[in-house]
K.L.:
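Here it is: the structure, laid out below.
Keep in mind the model is a prediction, meaning the values are calculated, not measured. Each ligand, and each atom within it, is numbered from 1 in the order the structure gives. Note: hydrogens, waters and symmetry copies are ignored here, and every other heavy atom, side chains too, is used.
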Amino acid sequence: MDVINIIEKLYKTNDASKEELLYLLDNIDENSKELLIKRANETRKKYYKNKVYMRGLIELTSFCKKDCLYCGLRRHNKNADRYRLTLDEILECVRKGDKLGYKTFVLQGGEDEYFTDNKMVEIIKAIKSEFPKNAITLSLGERSYDSYKKMYDAGADRYLLRHESASKELYESIHPGEPFEKRRNCLKNLKDIGYQAGAGFMVGIPGQTNEDLVNDLMFVKEFEPAMCGIGPFIPHKDTPLGNHEHGSLEKTVICLAIVRLLLPKVLLPATTALSSIDPKGREEGLKAGGNVIMPNLSPMSVRKKYSLYDNKAYILDEDAEYRTMIEKKINEAGYEVEVSRGDNPEFRK
Ligand code: SAM
Ligand code: SF4
């Protein structure tokens, strides 16, 4: 086997075997990494040109009933500062986002039982009645089929639920009492209902091997998500994984590029976590095939409270200034901000 041949095969066929992916991860060097990124960038350009889609992120709640070992919002983190946004506050965020030209609103939060199906339906309908053409993405964790269906029928378009790790043992070791099958089933339900479903994983979870990452890449190839969120694990001091190193920028970028080649049309964010570990993280993510950025629209007063990991890139500038600044940075990197909804071309509702 040869790394260059594997990259060219990925580029030409959008496919590779488990063995080839493992060989690539184990043996990639500076030169071959450059080629991988070049090919990923070319592939993105084929379908999306230089466009970078903006999604306005609204962090609904920092309450969570789950206990994921890595996350600062976990139930057992007694130091977490908890908040919930009201419907009025959410609508304020949405209006602010619309003024800035964002056509997708991402409602994300911990698994908070306060946000019942009825409450979510009310929120989704209120947003859609004011902004019928804009897309709503939900990211509220695991819920029942009926719950996902009610929110979809109310007007939600997309749902992000990272699989986090496709290695059953690793997944279950960081999600106490939570079987991987449950996560897989939620993802299947989302797709069956008609959502543009987003999967994704963390790179550099303590104990994760290249074999585990190959499982993630194979899972993504098989599931064919409309979106795929890939970011480095970053420790949070008040969690059981707080003393571990964060995942590397380089490995995350390699995984982004491979996913772009495996799924050429996938919507691939250059995540906040990437920017949080390196000031050049976002640009590196875009270069490797990323085509989505999720600026924060949450009220300034709660941003620090949505603390998933230490040193999160809190954007403390005013949002309009941030919008100008980010557009400038995107343009400088050779890309352009795209203000349309940015659906995955394969998944029209
Ligand atoms: N509760 C929902 C869920 O888990 O899908 C949505 C919110 S959750 C905070 C969103 C994502 O944050 C998760 O999918 C996870 O990958 C990421 N995340 C949480 N803690 C993290 C950490 N310490 N490092 C990197 N990413 C983290
Ligand atoms: Fe809760 Fe999501 Fe954090 Fe897990 S990752 S503790 S489900 S907010």
K.L.:
Run the numbers for me: atoms of ligand 2, each under 4.0 Å from some heavy atom of Cys64, listed by number.
P.N.:
1 (Fe), 6 (S), 7 (S), 8 (S)
K.L.:
Between His236 and ligand 1, is there a nitrogen or oxygen pair with a distance under 3.5 Å?
P.N.:
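No, since none of the N or O atoms of His236 sits under 3.5 Å from an N or O of ligand 1.
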K.L.:
Should you measure from each heavy atom of Cys71, which atoms of ligand 1 turn up under 4.0 Å away?
P.N.:
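This gives 19 (C), 20 (N) as the contact atoms.
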K.L.:
Which ligand 2 atoms does Arg74 reach within 4.0 Å, using its non-hydrogen atoms?
P.N.:
6 (S)
K.L.:
Short list, please: which atoms of ligand 2 are under 4.0 Å from a heavy atom of Gly110?
P.N.:
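Heavy-atom distances to Gly110 below 4.0 Å select 8 (S).
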K.L.:
Salt bridge or not for Glu178 and Arg183, using N-O below 4.0 Å?
P.N.:
no
K.L.:
Which atoms from ligand 1 have a heavy atom of Gly141 less than 4.0 Å away?
P.N.:
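Within the 4.0 Å cut-off of Gly141, ligand 1 contributes 2 (C), 5 (O).
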K.L.:
Does Phe201 come within less than 4.0 Å of ligand 1, judged by its heavy atoms?
P.N.:
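For ligand 1, residue contact (heavy atoms, under 4.0 Å) with Phe201 is absent.
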K.L.:
Does the distance from a Lys or Arg side-chain N to an Asp or Glu carboxylate O, for Glu92 and Arg95, drop under 4.0 Å?
P.N.:
yes
K.L.:
Within the 4.0 Å heavy-atom shell around Pro232, which atoms of ligand 1 are there?
P.N.:
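Reading through ligand 1 atom by atom, the close ones are 24 (N), 25 (C).
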K.L.:
Could you tell me whether Lys49 and Glu336 make a salt bridge, using a distance below 4.0 angstrom between a side-chain N and a carboxylate O?
P.N.:
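Here Lys49 does not pair with Glu336 in a salt bridge, since their nearest N and O are not under 4.0 Å apart.
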K.L.:
Could you work out, for atom 13 (C) of ligand 1, the closest of Glu164, Glu142, Gln108 by heavy-atom distance?
P.N.:
Glu164
K.L.:
Give the numbers and elements of all ligand 2 atoms closer than 4.0 Å to a heavy atom of Cys68.
P.N.:
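Near Cys68, the atoms of ligand 2 are 4 (Fe), 5 (S), 6 (S), 7 (S).
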K.L.:
Ser139 heavy atoms, cut-off 4.0 Å: which ligand 1 atoms fall inside?
P.N.:
6 (C)
K.L.:
Pull out every atom of ligand 1 sitting under 4.0 Å from any heavy atom of Phe233, numbered as shown with elements.
P.N.:
24 (N), 25 (C)
K.L.:
Less than 4.0 Å between atom 7 (S) of ligand 2 and some protein heavy atom, yes or no?
P.N.:
yes
K.L.:
Taking atom 2 (C) of ligand 1 as the point of reference, which of Gly110, Cys64, Gly109 owns the nearest heavy atom?
P.N.:
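Residue with the shortest heavy-atom distance to the ligand atom: Gly109.
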K.L.:
Going by the atom numbers of ligand 1, which of them fall below 4.0 Å from some non-hydrogen atom of Leu308?
P.N.:
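In order of number, 9 (C), 12 (O), 20 (N), 23 (N).
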